[in-house]
Number of protein chains: 2
Amino acid sequence: MTDFKSFFTHLCPIEEDNWRAFEKLFKPMQLKKGEYFIEAGEQARDIAFLEEGIIRAFYRNEKAQEYNKHFFLNPCFIGGYSSLITKQTNYINQEALSDCRLLVANYAEILQLYEKAPDIERGARILAEKFFVQKEQREVEIVLLDAEERYLKFQKEFPQLEQNIAQYHIASYLGISPTQLSRIRRKLAGK
Amino acid sequence: MTDFKSFFTHLCPIEEDNWRAFEKLFKPMQLKKGEYFIEAGEQARDIAFLEEGIIRAFYRNEKAQEYNKHFFLNPCFIGGYSSLITKQTNYINQEALSDCRLLVANYAEILQLYEKAPDIERGARILAEKFFVQKEQREVEIVLLDAEERYLKFQKEFPQLEQNIAQYHIASYLGISPTQLSRIRRKLAGK
DNA sequence: ATGATTTCTTTACCTATGTAAATGGAATTC
DNA sequence: GAATTCCATTTACATAGGTAAAGAAATCAT
């Protein structure tokens, strides 16, 4: 399992002093299954490194229907990224689907560190680019693939995950109803 | 109309020498309506600043159906961004919907410039973050809004554009058939 | 100015999917 | 261990939207 230092220093070379200054900004935190890292309605201020566990990021529309946007599996960064960047109200909720261990930092303190640690800022640029690429692939998936194709891709991208979370979460992620997912599963099982 | 220097130096402060080194990488280019800046199937190597004109970015699926992902209106950057980042095959096409004036640079030369111009790299980080935010807003739009709501949002986000491009391009961008867009337009006109 | 081509709208028909409800099994709580 | 809650599947019915075709209007080329 990749730890925090390995994860970040694989992005680009980081001087040891800068790494220590960066790492010091992060404090350990635990979430129990069902607890939220962030909720919609306020500006996000914290970012976290997910050391262990599963988190779902979702929106609610005005009918209180939930749409799962992404599943985060350790190791990775989590947080209301658009809100952190724009400093506006955050609309994403992030909820633990299992007990989780996190390292949490205040985003403004990280921005301040860029002045004296350009290699940390380079890591942040590379992360932003990776997140963009993930988003673009997700957009392509949503508009070009039908639900069955998206389900098969989900199984490839998140092996084992479907044994660990409810089917209706997967249906939501795929943008279909639980009924329709059940039909797709029956069809695939009949092959 | 914002020129290249204004556009980029509004992202963050840029030292004059670094700006000149950056600007020198870009060469003027023109596209006529119907010509392509990039086509799917090869790795992208160039990025461009769109000084004047309209460009659509689109994918084709295996049935050769086209899906408009974004409309670029000057002033902004264009190019196969995911391919530039990942150095893998580019799947986006970018076609001029009007005659266009561009400033084009080789992406690898820009990356080389980051070593001696950290302020240029900071501009790139800020751009990557802005592009991510745009992508996330687009994803939310696609999954949470129905076609009519997306059409109204398109009209707000791209005022006047629908007078300048074909309806079937707009339908593609909204993820519906031209028939369905026509039904929506009739319904809205009847209000 | 005219003919050809492209775009847009409309209609009929069909399919995919959502919703509501019912039922059964699994998991959780007491 | 029993009761309760949650999850998954299935069915019936309704609706939204795609497709194909036809016709009119707009645009383009000569």
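- A cation-pi arrangement is absent between A:Arg101 and A:Phe26, since the terminal nitrogen or guanidinium carbon is not both under 6.0 Å from the aromatic centre and inside a 45° cone about the axis.
- Between B:Arg183 atom CZ and C:dA12 atom P the separation is 11 Å, expressed in whole Å.
- Separating the CZ atom of A:Arg186 from the P atom of C:dA16 is a distance of 13 Å, rounded to the nearest angstrom.
- Nearest-nucleotide mapping onto DNA chain D: of B:Leu181 and B:Lys33, the residue sitting toward the 5' end is B:Leu181.
- Of the candidate nucleotides D:dT11, D:dG18, C:dT9, C:dT9 has the atom lying nearest to any side-chain atom of B:Arg185.
- Rounded to whole Å, atom P of C:dT7 lies 17 Å from atom CD of B:Gln163.
- The residue A:Ile176 sits close only to the backbone: its heavy atoms come under 4.0 Å of sugar-phosphate atoms, none of a base.
- Both B:Gln167 and B:Thr179 lie close to DNA chain C; mapped to their nearest nucleotides by heavy-atom distance, the more 5′-ward contact belongs to B:Gln167.
- In this structure, A:Ile184 atom CD1 and D:dA8 atom C1' are separated by 15 Å, rounded to whole Å.
- Nucleotide D:dA16 holds its P atom 17 Å from the CD atom of A:Gln180, rounded to whole Å.
- Residues A:Ile110 and A:Leu25 are in side-chain contact: their nearest non-hydrogen atoms beyond the backbone lie under 4.5 Å apart.
- Counting to the nearest Å, the C1' atom of C:dT17 and the CZ atom of A:Arg150 are 12 Å from each other.
- By the 4.5 Å heavy-atom criterion applied to side chains, B:Gln94 and B:Phe72 are counted as neighbours.
- Between B:Glu129 and B:Arg125 a salt bridge is recorded (basic side-chain N to carboxylate O distance below 4.0 Å).
- The CG atom of A:Leu97 sits 11 Å away from the P atom of D:dC7 (whole-angstrom rounding).
- If you measure from atom CD1 of A:Ile165 to atom C1' of D:dC6, you get 16 Å, rounded to the nearest angstrom.
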